[in-house]
Protein chains: 2
Amino acid sequence: MADRENPTVQKLLRSFIQFRKTGWHDKKINGYNPSEYKVLAVIYEGANKKETEMKVSEISQILEVTPPTVTQIINNLDKGGLVERMIDPQDRRAVRIKLTPKGKELTENARKAFFEKYLGLVDYLGEEDSEKLAELLNKVHRYFYELKR
Amino acid sequence: MADRENPTVQKLLRSFIQFRKTGWHDKKINGYNPSEYKVLAVIYEGANKKETEMKVSEISQILEVTPPTVTQIINNLDKGGLVERMIDPQDRRAVRIKLTPKGKELTENARKAFFEKYLGLVDYLGEEDSEKLAELLNKVHRYFYELKR
DNA sequence: ACCTAATAATTAGGTAGCCTAATTATATTC
DNA sequence: GAATATAATTAGGCTACCTAATTATTAGGT
């Protein structure tokens, strides 16, 4: 099994492991976790482009996590006064999530910092290599996705 | 802030998020978790190339996790009879971890399946792009590492 | 119109994979 | 030989998820 020594496999593997450890997800800013910011960002963007507030189920689909996960995160954001729940009058089972002014401000600041960091990364890698990286990562995802079925 | 709409940033971000969700780490095979297999693999490789068994502290350094994390994983591997602890006669504070025959067999099988999967990936991406990907991921890691200081 | 089935959200409880702080045993240094 | 450093462990905690069960509401079939 000399293949096991294949240097490309070794390199790739090491880079994956290191990348997974890369802290491109910061812990706890202003008392909120990365997963909470992700939900805030989805709520913010959804409201911006759809004019109507996001439902729990929609957030859950976008983030690819289960609805209970979203509910729990929202419980906490709600407790912190960043977010408000309102029943959808069209479908009274659904709950629309709305940012409070406080939540909106926090989200906007976080988004700004976040995008600046990533603009910096694109700058560091170069436009062309950044595109290439995105493409390759998508390809890796497709490979593993197809394996699983 | 039109920068926020930078399409390269958006693509890169989406590819990162998807990649992080990619199940290139399978859950539970033969009753053991990915993190347990990682420890097994390190023990296996360490013993192969150093002729002497791995210490907890060495495993911890290689996997970049704290010693308590390693201890706990080894507790479980020990309970399953995959691994044995033996005090190092040279330094009686240290513990050398040795695979039992059962542990060795399991590890060898897992390694085989694992490397086949990654050989398949390199094949899918192509040798050149695989190298490029590893290089770019390392660069991303450097960027975030330098930001943090 | 009525009952069944489907859907939205929630609560409760659990798991993986980490961590820090404190403790114990042994080594090293001055 | 005493103080300090190091190796491993135990105990307990945290994040980011999950599944199963429950409640409320809506939609579909007859």
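Lettering follows sequence order; numbering is per chain, from 1.
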With sequence neighbours excluded, tell me which residues meet salt bridge (Lys or Arg N to Asp or Glu O under 4.0 Å) with B:Lys79.
->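 Counting only residues at least two positions away or on another chain, B:Lys79 forms no salt bridge (Lys or Arg N to Asp or Glu O under 4.0 Å).
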Sequence-distant partners of A:Lys132, salt bridge (Lys or Arg N to Asp or Glu O under 4.0 Å), two or more places apart |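 A:Lys132 satisfies salt bridge (Lys or Arg N to Asp or Glu O under 4.0 Å) with B:Asp129 once adjacent residues are dropped.
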Do any side-chain nitrogens or oxygens of [X] fall under 4.0 Å of OP1 or OP2 in [N]?
| X | N | answer |
| --- | --- | --- |
| B:Ser35 | C:dA16 | no |
| A:Thr69 | D:dC17 | no |
| A:Asn75 | C:dA9 | no |
| A:Lys27 | D:dC14 | no |

Set of side-chain contact (heavy atoms from CB on, under 4.5 Å) partners for A:Ile29, sequence neighbours left out |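 With neighbours one apart ignored, the set is A:Asp26, A:Tyr37.
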Please identify each residue that fulfils side-chain contact (heavy atoms from CB on, under 4.5 Å) with B:Asp78, with sequence neighbours left out.
->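 Counting only residues at least two positions away or on another chain, B:Asp78 forms a side-chain contact (heavy atoms from CB on, under 4.5 Å) with B:Val83, B:Arg85.
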Using the ring of each side chain (for Trp, its six-membered ring), is A:Tyr145 parallel, tilted or perpendicular to A:His141, with breaks at 30° and 60°?
->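 Parallel: the ring planes of A:Tyr145 and A:His141 meet at under 30°.
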Taking the inter-plane angle between the rings of A:Tyr124 and B:Tyr143 on a 0 to 90° scale, is it parallel (under 30°), tilted (30 to 60°) or perpendicular (over 60°)?
-> tilted
Any side-chain donor-acceptor pair under 3.5 Å between B:Glu108 and B:Tyr44?
-> yes
Looking at residues 56-65 of chain A, who's got a heavy atom less than 4.0 Å off DNA chain C?
->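 When residues 56-65 of chain A is checked for heavy atoms under 4.0 Å from DNA chain C, the hits, listed by number, are A:Val56, A:Ser57.
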Heavy atoms under 4.0 Å is the rule here; annotate nucleotides 21-27 of chain C 5' to 3' with B where the base is hit, S where only the sugar-phosphate is, and - elsewhere.
-> B---BBS
